[in-house]
Amino acid sequence: MRRILLSLAVVAALVTVPSSAQAAGTGPCDIYASGGTPCVAAHSTTRALYGAFSGSLYQVRRASDNATTNVGVLAAGGAANAATQDTFCAGTSCVITVIYDQSGRGNHLTQAPPGGFNGPASGGYDNLADANAAPVTVGGHRAYGVLVAPGTGYRNNSTNGIATGDAAEGMYAIFDGTRYNGGCCFDYGNAETNSRDNGNGTMEALYFGNSKGWGYGAGNGPWVMADLENGLFSGVNAGYNANDPTISHRFLTATLKGGPNLWSIRGGNAQSGSLSTFYSGVRPNVSGYNPMKKEGAIILGIGGDNSVSAQGTFYEGVLTSGYPTDATENSVQANITAAAYATTTTASPFVAGKAVSLRATTGCCVTRYITHSGTTVNTTAITASSSATDKANASFYVRAGLANSSCVSFESRNTAGSYLRHYNYQLVLNANDSTSVFASDATFCPSAGKNGQGFSLASSNYSTRFIRHYNNAVYIASNGGTNAYDSATLWSDDVSWAVQGAWTP
Ligand code: AHR
Ligand code: AHR
C-alpha cells in the first residue's frame, strides 16, 4: 500500500528494510544463460540483472541546466545507486534519458521517435519519464522505476541479436500491477524497426493493462497479454480466453515467449510465490500470426506503431535468444522474489518556508509550470534558459494553509504577501486581505496525485474541486460538471502536479 505522509515538518523517508539480501552472484540473465537462452537485452533502473554487472543502469537529465549523469550500481550485481540521482536532481527535476542494455549488445532504450502516431514532445517524439516518479526499494535499497504516463515511450529500432522472423525468443518484465489503463499499448518487447504497423505478426511484446479492444481474459482486468500487432492476445482465440486471469499484484512478474507455432504467457507476484501459466500452445487461430514476422526493435511503454495512450510502470525486463523453459523462468521468478521489491513512503515536498514549482503531468504539458504574471495565473513552459523573471514567476513559497494549518498555501516568490487563490473558480495571484474568505480561497489540501504522479491539491472550501490546468489556464475543477474546465477528459492528469524544487530557490 502506498501512503503519502503529509506534514509541514521535514519527514524522513520511511523505508521498509526486508531482511533478505540481494542474491549476490546470480542475476536473471545468469539463469537464462545457464538454461541455454541468454539475454540479448537487459533493462532495469533498479538493479543489475547479471551477478557481475557493475556498469551504468540508466542516464538522467536535469531541467536546471540540461546536464546528464549515469546512475550505476551500489556493488557488482547489486541495486541502483539512487543517491547519485538524488544528489544530481536535488532542487530541480530529472527525466530518464537512456535505459542501458546490460547484455553488452548495446540495445539501449532512448526517447521513442514518431511512427504511425506522433508523441507529444518536440518533433513527434514521445515524452521521457520523470526519474523521481516511481520510487521503490529493492533489497532494502532505494531505487526508481520508470513511470510511463500517457505520451511517454522508449525504443530502439536498430538492435543487435534480437529475434527476427519466426525465431524463438523469451522475455519477462516486472510492472506495477496497480497502475495501468485501457489505452494502446503499455508494452515491453519486440516490435517493428520503422515504428509503424507492418501487419499481423510483426511484433511480439508483453502487454499489461485492461484494454478490451482486442483480446481480454477473465474478470475486469488488468491482464497480461501478448501484443502480436493488430491484436492483443490472451490465448489461442481472438477476444476472450478464460484462462488469462485479472492480475494486479503491486509488483507483477509477466513472461512471454514465442517460437515456431508455439507461445506462452505466464505471470505471478514479484514479491513471493511462483509463476502460473495463462496460455501455452499453438499460435492464435487468426491469419497472419504463424509464422511470425518479428522485426527485432525493442519498445517500452508504447504500441508497435508508437501508439502513446497507455500508462504503466516498469522496473526491469529482458529479451532472450531462444525459447526459455518453464523451469528457467521459474528460477528467474525465484531470483526476482529474493531481490525483495517493496514500496516506500515518500517524504512530503510541502515543507513550510521551502520554495517549490508545480509542474503539470498531463502528456501535452509536462514542461509547463503554474506561473503568475501580475495577478493572472497560467501554466507556462519553463526551461533552464527561461528568463529570471519567468523562473521567479513559477516559484512559490510553501506556507502553512491560511485557513487550515494541516493544508498549504502558496505565496509568490517575487510578490511578497500575494498568494495563489481561486476567484470564480479560477486561480489568480492576490494580496492577502486577511479576510476569512481569502484564507479559504488560498488554502489547498494535498493528496497523492490522481493519476499516480505527484500531488493533487483540493480547494479547502470546495473540497471536490482540485487545482487543474485547462487550455493552459488554472482553475479549481470538479471531475465532470457544467464548466468547460470541469471536463472529465484528462481530469486526473490535469489535477496531478509534480512538486519540484523551485526554479528560483
Ligand atoms: O496490436 C495492438 C496495437 O495495434 C499495436 O501495439 C499497434 O502497433 C497497433 O496499433
Ligand atoms: O472561486 C469560487 C468563489 O468565487 C470564491 O470562494 C470566492 O472568492 C469567489 O466568489
Side-chain angles (χ1 to χ4, degrees), residues 109 111-120 124-127 146 148-157 159 162-166 169 171 173 175 180-217 221-241 244 254 256-258 263-265 278-279 283-314 317 319 363:
L109 296 174
Q111 185 170 23
F117 294 92
N118 281 346
Y125 276 71
D126 296 351
N127 287 335
V146 184
V148 172
T152 305
Y154 293 82
R155 192 165 193 129
N156 185 328
N157 279 343
T159 60
I162 306 299
T164 57
D166 209 26
E169 67 176 351
M171 63 193 77
F175 302 133
Y180 56 89
N181 69 10
C184 178
C185 291
F186 180 70
D187 287 351
Y188 174 73
N190 190 327
E192 298 90 339
T193 52
N194 63 355
S195 303
R196 289 173 191 279
D197 179 347
N198 293 335
N200 296 2
T202 54
M203 56 185 295
E204 183 169 68
L206 275 164
Y207 165 85
F208 179 67
N210 66 343
S211 166
K212 289 183 88 169
W214 292 278
Y216 56 100
W223 304 281
V224 174
M225 295 192 274
D227 189 343
L228 303 180
E229 189 50 272
N230 298 316
L232 305 175
F233 286 90
S234 55
V236 75
N237 303 306
Y240 178 62
N241 290 284
D244 195 23
L256 168 65
K257 48 191 169 180
W263 68 289
S264 168
I265 37 178
F278 305 149
Y279 179 75
R283 288 291 181 183
N285 55 24
V286 178
S287 127
Y289 299 101
N290 183 33
M292 292 288 285
K293 309 168 198 77
K294 290 179 273 206
E295 297 191 11
I298 307 173
I299 52 173
L300 171 60
I302 47 179
D305 57 6
N306 198 44
S307 297
V308 284
S309 331
Q311 66 175 19
T313 309
F314 172 90
L319 280 74

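Numbering of ligands and ligand atoms starts at 1, following listing order.
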Of all the non-hydrogen atoms in the protein, which one sits nearest to atom 4 (O) of ligand 1, and at what distance? Glu229 OE1, 3.2 Å

Do any N/O atoms on Leu232 end up under 3.5 angstrom from N/O atoms on ligand 1? no

Element-labelled atoms of ligand 1 that are located less than 4.0 Å from some non-hydrogen atom of Gly303: 6 (O)

Main-chain N/O of Glu229 paired to Asp227 side chain as donor or acceptor, under 3.5 Å: yes

With the threshold set at 4.0 Å, does a side-chain nitrogen-carboxylate oxygen contact exist between Glu204 and Arg283? yes

With only distance considered, is Asp305 within less than 3.5 Å of ligand 1 through an N or O on each side? yes

Do Asn181 and Pro150 make a side-chain contact, defined as non-hydrogen atoms from C-beta onward lying under 4.5 Å apart? yes

Report yes or no: does Tyr207 have a heavy atom closer than 4.0 Å to ligand 1? no

Within-cut-off N or O pair, Glu192 and ligand 1, under 3.5 Å: no

With a cut-off of 4.0 Å, which atoms of ligand 1 are near a heavy atom of Gly304? 5 (C), 6 (O), 7 (C), 8 (O)

Which ligand 1 atoms are under 4.0 Å away from a heavy-atom of Gly231? 1 (O), 2 (C)

Going by the 4.0 angstrom heavy-atom rule, the piece of Asp227 near ligand 1 is side chain

Please check if the side chain of Lys294 supplies one atom and the backbone of Ile162 the other of a donor-acceptor pair under 3.5 Å. no

Mind telling me whether Phe314 and Phe175 have parallel, tilted or perpendicular rings, with 30° and 60° as the class edges? tilted

Trp263 and Tyr279: aromatic ring centres closer than 6.0 Å? yes

Heavy atoms only, cut-off 4.0 Å: how does Cys184 contact ligand 1, side chain, backbone, both, or neither? side chain

Can any side-chain N or O of Lys293 pair as donor or acceptor with the backbone N or O of Asp166 at less than 3.5 Å? no

Give a yes-or-no answer on whether the side chains of Glu295 and Thr202 include a donor-acceptor pair shorter than 3.5 Å. no

Numbered atoms and elements of ligand 1 in range of Ser307, under 4.0 angstrom, heavy atoms: 10 (O)

